[in-house]
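Since the structure is predicted, the reported quantities are computational estimates derived from the model, not experimental observations. We use all heavy atoms of the structure for the numbers below, so side chains are in, but hydrogens, waters and symmetry mates are not.
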Amino acid sequence: MTAASAPASKPARRRQVDRTAETRRRIIDATTACLYKTGYSAVTFSTVSKEAGVSRGIITYHFATKADLMVAVRDTIYSDERHVLEETQSRIGAAEYLRELPRLVLAGMQREPAIAVNEILLAARADPELTGKLRATEKDIDQRILTRLKGLYAEAGATPPANLSTIIHLAVSTFRGLAIADLVQGDDGEVEASIDLFRDMLTLSIETQAKATASGQAD
């Protein structure tokens, strides 16, 4: 058989693990879209099945309950947003990134996936199973954020404030609320002015604590 007449090689088959991950991600993305478009209460395995183009059986193979699916959506959206933030940090450096972090986080909170997360968090109020599973996920996310920020402070040559964990919780709650205000009130929500004020207050708090710490060490 000549080289010219040799049959073309078959494309490599994707591994099962890759196909499984792709399907799982497809379901999560479809759920995110449904949450954003219709809200939590209207999201069912049937609506996700239609959006994702997969059967209900495929969905239940990956996620036993709606709560399991929502927790996976929450964790995936956090991971995606963290990846975006890390790319920005690698481009502008740790010090500048920390200065711009309030605006960067707010921008993330204003995107469609974050609005979908808000739907999940609010729904947990009336769903004990979802509440229990979300608490574990939120605790893990909090720890990942704290570890990441401590590393960024060290990279920037700065000492993180002692109450960094509290600052993170305050900041996330503030930005989530501002994102909702911007969505509902628009310019009347004074989001830009609020971010500037929050950043000034945060800077003052950190500087005050740093001075107090330095004074205590000197004594």
Take Leu85 and Arg148 through the side chain to side chain contact (heavy atoms under 4.5 Å, CB included) test and state the conclusion after the steps. CA-CA 11 Å; Leu85 292 174; Arg148 172 68 176 158; over 6 Å; no
Side chains of residues 113-127: which donor-acceptor partners sit under 3.5 Å, not counting sequence neighbours?
{"unit_1": "Asn118", "atom_1": "OD1", "unit_2": "Arg176", "atom_2": "NE", "d": "3.1"}
{"unit_1": "Glu119", "atom_1": "OE1", "unit_2": "Tyr40", "atom_2": "N", "d": "3.0"}
{"unit_1": "Asp127", "atom_1": "OD1", "unit_2": "Glu129", "atom_2": "N", "d": "3.1"}
{"unit_1": "Asp127", "atom_1": "OD1", "unit_2": "Leu130", "atom_2": "N", "d": "3.1"}

Would you call Glu96-Arg99 a salt bridge at under 4.0 Å N-O? yes
Which distance, rounded to the nearest 0.5 Å, do you find between the CD1 of Ile168 and the CG of Leu149? 4.5 Å
Arg56: salt bridge (Lys or Arg N to Asp or Glu O under 4.0 Å) partners, not counting sequence neighbours: none
So which pairs with a foot in residues 100-122 pass ring pair (Phe, Tyr, Trp, His ring centres under 6.0 Å), sequence neighbours left out? none
Check for me whether the distance between the ring centres of Phe198 and Phe175 falls short of 6.0 Å. yes
Using the rule given for side chain to side chain contact (heavy atoms under 4.5 Å, CB included), can you reason through His62 versus Ile28, listing the C-alpha separation, both sets of side-chain angles and the distance that settles it, and then say yes or no? CA-CA 10 Å; His62 289 276; Ile28 288 173; over 6 Å; no
I'd like to know if Asp80 and Arg25 make a salt bridge, using a cut-off of under 4.0 Å between side-chain N and carboxylate O. yes
Set of residues satisfying side-chain contact (heavy atoms from CB on, under 4.5 Å) with respect to Lys50, sequence neighbours excluded: none
Within the distance-only criterion (no hydrogens, no angle test), does the side chain of Ser173 pair as donor or acceptor with the backbone N or O of Leu170 below 3.5 angstrom? no
Which residues end up grouped with Leu197 if you chain together Ile, Leu, Val, Met, Phe, Trp and Tyr wherever their side-chain heavy atoms are less than 4.5 Å apart? Met201
Mind checking the OG-CZ spacing from Ser194 to Arg199? Nearest 0.5 Å is all I need. 13.0 Å
Listed once per pair and sorted, the ring pair (Phe, Tyr, Trp, His ring centres under 6.0 Å) pairs that draw on residues 95-147, sequence neighbours left out: none
Could you go through residues 136-147 and list every donor-acceptor pair under 3.5 Å that involves a side-chain atom there, pairing it with any protein atom two or more places apart or in another chain?
{"unit_1": "Thr137", "atom_1": "OG1", "unit_2": "Lys133", "atom_2": "O", "d": "3.2"}
{"unit_1": "Glu138", "atom_1": "OE1", "unit_2": "Arg74", "atom_2": "NH2", "d": "3.2"}
{"unit_1": "Glu138", "atom_1": "OE2", "unit_2": "Arg74", "atom_2": "NE", "d": "2.5"}
{"unit_1": "Glu138", "atom_1": "OE2", "unit_2": "Arg74", "atom_2": "NH2", "d": "3.3"}
{"unit_1": "Asp140", "atom_1": "OD2", "unit_2": "Arg144", "atom_2": "NE", "d": "3.0"}
{"unit_1": "Asp140", "atom_1": "OD2", "unit_2": "Arg144", "atom_2": "NH2", "d": "2.9"}
{"unit_1": "Asp142", "atom_1": "OD2", "unit_2": "His169", "atom_2": "NE2", "d": "2.9"}
{"unit_1": "Gln143", "atom_1": "NE2", "unit_2": "Thr147", "atom_2": "OG1", "d": "3.3"}
{"unit_1": "Arg144", "atom_1": "NH2", "unit_2": "Asp75", "atom_2": "OD1", "d": "2.6"}
{"unit_1": "Thr147", "atom_1": "OG1", "unit_2": "Gln143", "atom_2": "O", "d": "3.0"}

Using the salt bridge (Lys or Arg N to Asp or Glu O under 4.0 Å) criterion, which residues pair with Arg111? Sequence neighbours excluded. Glu81
What do the steps show when you test Phe45 against Leu69 for side chain to side chain contact (heavy atoms under 4.5 Å, CB included), and what is the final call? CA-CA 9 Å; Phe45 280 0; Leu69 174 56; 3.9 Å; yes
After noting the C-alpha distance and the side-chain angles of Arg103 and Asp196, does the key distance pass the side chain to side chain contact (heavy atoms under 4.5 Å, CB included) rule? CA-CA 9 Å; Arg103 291 190 182 282; Asp196 288 339; 2.4 Å; yes
Side chains of Met70 and Leu134: does their closest heavy-atom pair fall under 4.5 Å? no
Is there a donor-acceptor contact under 3.5 Å from the side chain of Thr47 to the main chain of Thr44? yes
A side-chain contact here means heavy atoms from C-beta on lying under 4.5 Å apart; do Glu51 and Arg26 qualify? no
For residues 149-160, the side-chain hydrogen bond (donor to acceptor under 3.5 Å, both in side chains) pairs (sequence neighbours left out) are Gln89-Glu155
Suppose the criterion is ring pair (Phe, Tyr, Trp, His ring centres under 6.0 Å): which pairs have a residue in residues 99-130, not counting sequence neighbours? none
Is Ile195 close to Leu178 at the side-chain level, that is, under 4.5 Å between some pair of heavy atoms? yes
Inter- and intrachain pairs under side-chain hydrogen bond (donor to acceptor under 3.5 Å, both in side chains), touching residues 179-191, at least two apart: Gln110-Asp182
Only counting residues at least two apart or in another chain, list the ones meeting side-chain contact (heavy atoms from CB on, under 4.5 Å) with Ala156. Ala94, Ala95, Leu98
